[in-house]
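Shown next, in C-alpha cells, is the structure this report addresses.
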Protein chains: 2
Amino acid sequence: MVLNCKYEAVLEVLFGKWKTVILFNLFSNGTMRFSELQKAIPDITKKMLTHHLRELEYHDIVHREVYQQVPPKVEYSISAYGRSLLPVLLAMNEWGMAHGKHLTELYGEESGQ
Amino acid sequence: MVLNCKYEAVLEVLFGKWKTVILFNLFSNGTMRFSELQKAIPDITKKMLTHHLRELEYHDIVHREVYQQVPPKVEYSISAYGRSLLPVLLAMNEWGMAHGKHLTELYGEESGQ
DNA sequence: CAGAATCCGAGCTGATACTG
DNA sequence: CAGTATCAGCTCGGATTCTG
C-alpha cells in the first residue's frame, strides 16, 4: 500500500476557484503587484483576489511584501516553501493535459474540456 | 515557463470532502462493495458516498459493477484510467507529509495537522 | 443492500459601493 | 493603489426518511 492519506493537504491548500490561476501567474512571472494580478486575471474581483491571496499567504505558499508609501504598493511572490509545490503542480499539470486528451477520446473533439 | 495551466483538471476531479478517502481505500483494497466503503469510512453518509462515487465514475476514475440480484450487490474499483492518477496522488502525498512537518516547525507540535 | 428524495444550514463566490 | 464592507445567490455537505 502506497498512499498514507496525507494527500488531501494539497487539496486544502490549493482549493479555491482562482488559486490555480494565481499560482500559475506567480510561478511564471515571479513577483507581481496586486494590480498586475488583476490585469492578468480579468474576471476575478478584488475581493476574491484578496481572499485567495490571504489564504495562500496563510498557508505560507506566497509571500506578501508591503511598501509603506502613497499610493500603496504590495508585491506578491511564491515563497521558498511554496516552491516545494512545484513537483506536485507539474505532476498535476501532466495529468491534466493527458486528461484533456482522454476526454476528447471519450466524448469526441467538441467536448474537449 | 513550466506550467501550462491544465492542472486544475485534477482539482476538479479530486474535489469533494471524501473523494481522497474513497480513492485511498479503493487503491488500497482493490474492489470494494458499497457497504464495505461505508464501513471503512464511518463518518460518511450514504448520500455523500453515492454522490462522490457517481462523480468519480462520471470522470472515469472508478468503475462501477452492478450485480442484478436480490439483495443488490455493487462493486467499485479504480478504473484503468484512474490508475493514471497514481503518480499525481503520490506527489501530493509526499508534499502532504512534508507539509505536516512544515506546520509543526512553524507552529509547534500541538498544531500538528 | 444500495440507493433516492427532501429539507436545511454553512460556506464559497460575486456585484457593488466605499476608504486610507 | 490596494484593499474593506455589505448584500445576495448558489453549491456543497449532512440529517432524515423512504424504496425496490
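Keep in mind that what you see is a predicted model, and the values were worked out from it rather than measured. Here is the naming used below: chain letters follow the sequence lines, and residue numbers restart at 1 for every chain. Heavy-atom basis, side chains included; hydrogens, waters and symmetry copies ignored.
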When you measure from the side-chain N and O atoms of [X] to the phosphate of [N], is any distance below 4.0 Å, counting only OP1 and OP2?
X: A/Arg33; N: D/dA2; answer: yes
X: A/Arg54; N: D/dG3; answer: yes
X: B/Thr50; N: C/dG3; answer: no
X: A/Lys46; N: C/dA15; answer: no
X: B/His51; N: C/dA4; answer: no
X: A/Thr45; N: C/dT13; answer: no

query: Among the clusters formed by ILVMFWY side chains lying less than 4.5 Å apart, do A/Val66 and A/Val62 turn up in the same one?
result: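 Yes, A/Val66 connects to A/Val62 through the hydrophobic network.
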- request: Treat each ILVMFWY residue as a node, draw an edge where side-chain heavy atoms are under 4.5 Å apart, and state whether A/Val13 and A/Met48 are in one component.
  value: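 Yes, same cluster.
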field: Most 5' of A/Pro71 and A/Lys47 on DNA chain D, judged by nearest nucleotide
entry: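 Its nearest nucleotide being more 5', the pick is A/Pro71.
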Can you measure [X] atom [atom1] to [N] atom [atom2] for me and round it to whole angstrom units?
X: A/Glu55; N: D/dG3; atom1: CD; atom2: P; answer: 15 Å
X: A/Ile41; N: D/dA2; atom1: CD1; atom2: P; answer: 14 Å
X: B/Leu53; N: D/dG13; atom1: CG; atom2: C1'; answer: 15 Å
X: A/Leu49; N: C/dG14; atom1: CG; atom2: P; answer: 12 Å
X: B/Gln38; N: C/dC1; atom1: CD; atom2: C1'; answer: 9 Å
X: A/Glu65; N: D/dA2; atom1: CD; atom2: C1'; answer: 15 Å
X: A/Lys19; N: C/dC12; atom1: NZ; atom2: C1'; answer: 10 Å
X: A/His52; N: D/dA2; atom1: NE2; atom2: C1'; answer: 18 Å

query: If you find the nucleotide of DNA chain C closest to A/Pro72 and the one closest to A/Ile44, which residue's nucleotide is nearer the 5' end?
result: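 Looking at the nearest nucleotide for each, A/Ile44 comes out on the 5' side.
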field: CG on A/Leu37 to CG on A/Leu26, rounded to 0.5 Å
entry: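 It comes to 5.0 Å.
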- prompt: Within the structure shown, what part of the strands sits under 4.0 Å from B/Tyr76 by heavy-atom distance: base, sugar-phosphate, or nothing?
  reply: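 Sugar-phosphate, backbone atoms only, no base.
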- request: Answer yes or no: is there a side-chain heavy-atom contact under 4.5 Å between A/Tyr76 and A/Leu56?
  value: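 Not in contact.
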Closest to side chain of B/Phe15, choosing from C/dT13, D/dC12, C/dG3: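 The answer is D/dC12, which lies nearest to the side chain.
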field: Side chain of B/Ser35 - closest among C/dA2, C/dT13, D/dG13
entry: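 Looking only at side-chain atoms, B/Ser35 lies closest to C/dA2.
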message: Please verify the inter-ring angle class for B/His59 with A/His99; under 30° counts as parallel, over 60° as perpendicular, anything in between as tilted.
response: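 Taking A/His99 first and then B/His59, their aromatic rings sit tilted (interplane angle of 30° to 60°).
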